[in-house]
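Below, all heavy atoms of this structure are taken into account, side chains as well, without hydrogens, waters or symmetry copies. Numbers restart at 1 for each chain; the letters A, B, ... are given by sequence-line order, proteins then strands.
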2 protein chains.
Amino acid sequence: MLSKKTKYAFHALIYLAQHQAQGAVLIQEISEAHQISHKFLENILLELRKAGFLGSKKGKGGGYYLIKKPEEIQLSKIIRLLDGPIALLPCVSLNYYEPCEECKEETQCGLNKVMAQVRDETLKILENKSLADIIEAY
Amino acid sequence: MLSKKTKYAFHALIYLAQHQAQGAVLIQEISEAHQISHKFLENILLELRKAGFLGSKKGKGGGYYLIKKPEEIQLSKIIRLLDGPIALLPCVSLNYYEPCEECKEETQCGLNKVMAQVRDETLKILENKSLADIIEAY
DNA sequence: TATAAAACCTATCAATATTATAGGGAATTA
DNA sequence: TAATTCCCTATAATATTGATAGGTTTTATA
């Protein structure tokens with residue numbers, strides 16, 4: 001299951017994409033529109049900015065805005081940033097890999113094989129779908 | 001990520017499958033073989049029994065044993081039993097469905113669509129792979 | 001039939017992760 | 001210079017997961 005953090009991130013990104021014309025958008029505005037705690041959302045937007053998805057402007061008239069095109073924002077990247085690994089086991093994670101404690105030969109482990117397959121199919125979708133794709137039908 | 005509970009369950013099931021000949025197997029034996037806390041494993045085996053995967057025998061010479069063929073134990077069933085939903089969002093979960101709080105029309109939500117797709121691909125694998133499959137290469 | 005072995009069951013504790021809040025700092029605008 | 005808004009870090013609250021504890025019931029067997 002995706003965490004609230006990730007869900008909020010998606011909502012915020014969608015909101016920002018749909019209000020690109022208006023320039024910088026206040027945290028406040030997004031948090032009210034989606035009923036998210038202002039401060040919690042603030043932390044999330046901060047992470048998204050540090051990761052290069054958003055830009056920000058301080059002071060009056062400030063706020064957040066997308067600095068990547070919605071087409072260029074892969075869903076997989078957002079999930080990894082806020083939720084961590086997409087894989088079901090550390091030993092098949094591409095970005096958060098950790099060796100299996102039990103297996104000597106991971107490549108010969110049946111569980112590893114299946115979970116690697118799940119990971120591949122999941123990534124095939126999440127890497128090829130972008131923010132733009134989910135907005136289309138929103 | 002799968003919980004330890006689920007991982008332990010898989011290890012235990014694999015162990016039981018590989019020691020089917022010996023009849024009932026002690027919790028102790030499995031917990032030692034896999035370095036799992038005896039009591040924690042006990043709870044897990046209990047759940048597996050209640051769910052119909054295992055049988056048990058009390059008293060001396062007792063223990064746990066598989067009552068389903070490894071071929072008939074879908075990985076998806078084990079994960080759902082111990083970890084809950086496989087889907088990434090409640091609104092696309094088949095077994096633990098909960099309506100989306102924001103969407104009026106889930107069918108028209110882009111996030112819902114993508115996550116349903118992920119769920120389908122994941123299940124396509126986890127429902128078609130059984131305990132027997134992961135033992136083969138173990 | 002007494003004893004020991006083993007699962008059964010439920011409660012509770014501990015550790016960790018998630019969600020949320022708090023509050024002063026720094027930059028920007030007017 | 002004052003108001004606004006994001007920046008940053010710490011901490012508190014809550015939920016989930018992982019682990020432990022201890023008595024109960026059943027069963028084999030000596």
task: Please name all residues satisfying salt bridge (Lys or Arg N to Asp or Glu O under 4.0 Å) with B:K124, sequence neighbours left out, ordered by chain then number.
output: B:E121
Rounded distance [0.5 Å steps], CE in B:M115 versus SG in B:C100: 12.0 Å
Residues touching DNA chain C, which here means a heavy atom under 4.0 Å, drawn from residues 79-90 of chain B: none
- line: Between B:D83 and B:M1 the two heavy atoms that sit nearest each other are OD2-O, 4.1 Å
- prompt: So, is A:S37 near the phosphate of C:dT21, with a side-chain N or O under 4.0 Å from OP1 or OP2?
  reply: yes
- prompt: What's the shortest heavy-atom distance between A:S93 and A:P85, and which atoms?
  reply: OG-CB, 4.0 Å
task: Map B:H38 and A:H38 onto DNA chain C by nearest heavy atom, then report which one ends up closer to the 5' terminus.
output: B:H38
Under 3.5 Å, which donor-acceptor pairs do the side chains of residues 36-50 of chain B form with other protein atoms, sequence neighbours left out?
unit_1 : atom_1 : unit_2 : atom_2 : d
B:S37  : OG     : B:F40  : N      : 3.2
B:H38  : ND1    : B:Q28  : OE1    : 3.0
B:K39  : NZ     : B:E42  : OE1    : 3.4
B:N43  : ND2    : B:K39  : O      : 3.4
B:E47  : OE2    : B:K5   : NZ     : 3.1

message: Taking only side-chain N and O atoms of A:S3, does any of them lie within less than 4.0 angstrom of OP1 or OP2 on C:dT19?
response: yes
N/O (side chain, A:Y8) to phosphate O (OP1/OP2, C:dA20) under 4.0 Å: yes
message: Would you say CD of A:E71 has more than 12 non-hydrogen atoms from neighbouring residues, nucleotides or ligands within 6.0 angstrom?
response: yes
message: So does B:V118 get a backbone contact from the side chain of B:T122, meaning a donor-acceptor N/O pair under 3.5 Å?
response: yes
- line: Sorted by chain and number, sequence neighbours left out, side chain to side chain contact (heavy atoms under 4.5 Å, CB included) with A:A24 holds for A:Y65
query: First and last nucleotide of DNA chain D in contact with chain B, 5' to 3', at under 4.0 Å to a heavy atom: what are they?
result: D:dG18 to D:dA28
message: Output one letter per nucleotide in nucleotides 25-30 of chain C: B when a protein non-hydrogen atom lies under 4.0 Å from the base, S when only the sugar-phosphate is that close, - when neither is.
response: --SBS-
- prompt: Considering residues at least two apart in sequence or located in another chain, which fulfil the salt bridge (Lys or Arg N to Asp or Glu O under 4.0 Å) criterion with B:E72?
  reply: none
query: To the nearest angstrom, how far is B:K50 atom NZ from C:dA7 atom P?
result: 15 Å
- request: Could you tell me which residues satisfy side-chain hydrogen bond (donor to acceptor under 3.5 Å, both in side chains) with A:Y15, sequence neighbours excluded, listed by chain and number?
  value: A:E29
Which side-chain N or O atoms in residues 74-81 of chain B pair as donor and acceptor under 3.5 Å with protein atoms at least two apart or in another chain?
unit_1 : atom_1 : unit_2 : atom_2 : d
B:Q74  : OE1    : B:K77  : NZ     : 2.9
B:Q74  : NE2    : B:E127 : O      : 3.0

query: Who are the salt bridge (Lys or Arg N to Asp or Glu O under 4.0 Å) partners of A:K69, not counting sequence neighbours?
result: none
- line: Residues in residues 39-47 of chain A with a heavy atom under 4.0 Å of DNA chain D, by number, are A:K39, A:E42, A:N43, A:L46
- prompt: Quick one: A:L2 CG to C:dT18 P, roughly how many Å, whole number?
  reply: 12 Å
Listed partners of A:E105 passing side-chain hydrogen bond (donor to acceptor under 3.5 Å, both in side chains), at least two apart: A:T107
